[in-house]
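In what follows, a structure is listed as structure tokens, so that the remarks can point back to it.
This is a predicted model, so every value here is computed, not measured.
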Amino acid sequence: MARPFQLLGPGISSALAPGAFRDQVIAVREGRQTQVITGRLDAVRDFLDVRDAAEALWLMVAQPPEPGIYNLCSGIAVTMEDVVLGLMAAAGVEAPVALDPQRSKPADIPVMVGHPGKLRTALGWLPRFSLPDSLNEMIQAGGDGHSVRRGG
């Protein structure tokens, strides 16, 4: 059984926090917005690029490991603030970040980080995409998941 942690990457839905942050950062870059509005940014998550998750799932089907629960995660603790700042860096913008308490959920889990060791041991799997790579590609893909790269 695969237990995926927080997935992100190009084409992520705007309904999820990283996608909503991406959309706002792009809006700042395009001059349609002057700040990024968020919920609490101190939550800690374990983000994994969806392409790495897909590869791990494919390996689990192609080379089934021993029965058990396998975490699909990076094992790296990242704050939501790190995600917002990483998206701004990828977009080459700076903007104020404003907290909207309506965007925070009282039942939010403060820290959710996994340990991918069991999957690594069983299949030799390691993530290929770093968080900065994923955030950069989210900005490049834009809000609809299609590339907006300019030039060659």
*For residues Ser14 and Ala20, report the shortest heavy-atom separation together with the two atoms involved.*
O-CB, 3.5 Å

*Can you check whether Val84 reaches Leu87 side chain to side chain, under 4.5 Å on heavy atoms?*
no

*To the nearest 0.5 angstrom, please state how far the CG atom of Leu135 sits from the OG atom of Ser130.*
8.0 Å

_Would you say that Met88 contacts Val97 through its side chain, given a criterion of any heavy-atom pair below 4.5 Å between the two side chains?_
yes

_I want to check something: taking the side chain as every heavy atom from C-beta on, are Gln6 and Leu8 in contact at a cut-off of under 4.5 Å?_
no

*Do Val78 and Leu131 touch side chain to side chain, with heavy atoms closer than 4.5 Å?*
yes

*Would you say Asn71's side chain and His115's backbone share a donor-acceptor pair under 3.5 angstrom?*
yes

*Evaluate the side-chain proximity of Gln63 to Trp58: yes if any heavy-atom separation is below 4.5 Å, no if none is.*
no

*Indicate if Leu16 and Val83 have the same hydrophobic cluster label, given that clusters are the connected sets of ILVMFWY residues with side-chain heavy-atom separations under 4.5 angstrom.*
yes

*What heavy-atom pair brings Arg45 and Pro110 nearest, and what distance separates the two atoms?*
NH1-O, 3.7 Å

*Test item: Asp42 and Thr79 side chains (from C-beta on) under 4.5 Å apart, heavy atoms*: no

*Got a sec, which hydrophobics cluster with Leu72, joining ILVMFWY side chains under 4.5 Å apart, including via others?*
Leu7, Leu48, Val50, Leu57, Leu59, Met60, Tyr70, Leu119, Leu123, Trp125

*Could you tell me whether the side chain of Met138 reaches within less than 4.5 Å of the side chain of Phe21, counting heavy atoms only?*
no

*Could you tell me whether the side chain of Asp46 and the main chain of Ala77 form a donor-acceptor pair under 3.5 Å?*
no

*Identify the heavy atoms of Arg3 and Ile69 that sit nearest to each other, and give their distance.*
NH2-CG2, 3.0 Å

*Under 3.5 Å donor-acceptor, Ser74 side chain and Phe47 backbone*: yes

_Quick check with a 6.0 Å cut-off and a 45 degree axis cone: is Arg51 positioned over the face of Phe129's six-membered ring?_
yes

*CD1 of Ile12 to CZ of Arg22: how many Å apart, nearest 0.5 Å?*
7.0 Å

*Can Val25 and Val93 be said to form a side chain to side chain contact (heavy atoms under 4.5 Å, CB included), step by step?*
CA-CA 8 Å; Val25 167; Val93 301; 3.9 Å; yes

_In one Ile/Leu/Val/Met/Phe/Trp/Tyr side-chain cluster, 4.5 Å: Leu85, Val44_ = no

*Within 6.0 angstrom of Arg40 CZ, more than 12 heavy atoms from elsewhere*: no

_Full working for side chain to side chain contact (heavy atoms under 4.5 Å, CB included) between Asn136 and Asp133_ = CA-CA 5 Å; Asn136 183 55; Asp133 290 340; 5.9 Å; no

*If you take all heavy atoms of Pro10 and Glu137, which pair is closest and at what distance?*
CG-CB, 3.7 Å

*asked:* Name the residue from Gln33, Arg29, Arg32 that meets the side-chain hydrogen bond (donor to acceptor under 3.5 Å, both in side chains) definition with Gln24.
replied: Gln33

*Can you see which heavy atom on Gly114 is nearest to which on Pro116, and at what distance?*
O-CD, 3.9 Å

*Would you say the side chain of Ile37 lies within less than 4.5 Å of the side chain of Arg103, judging by non-hydrogen atoms?*
yes

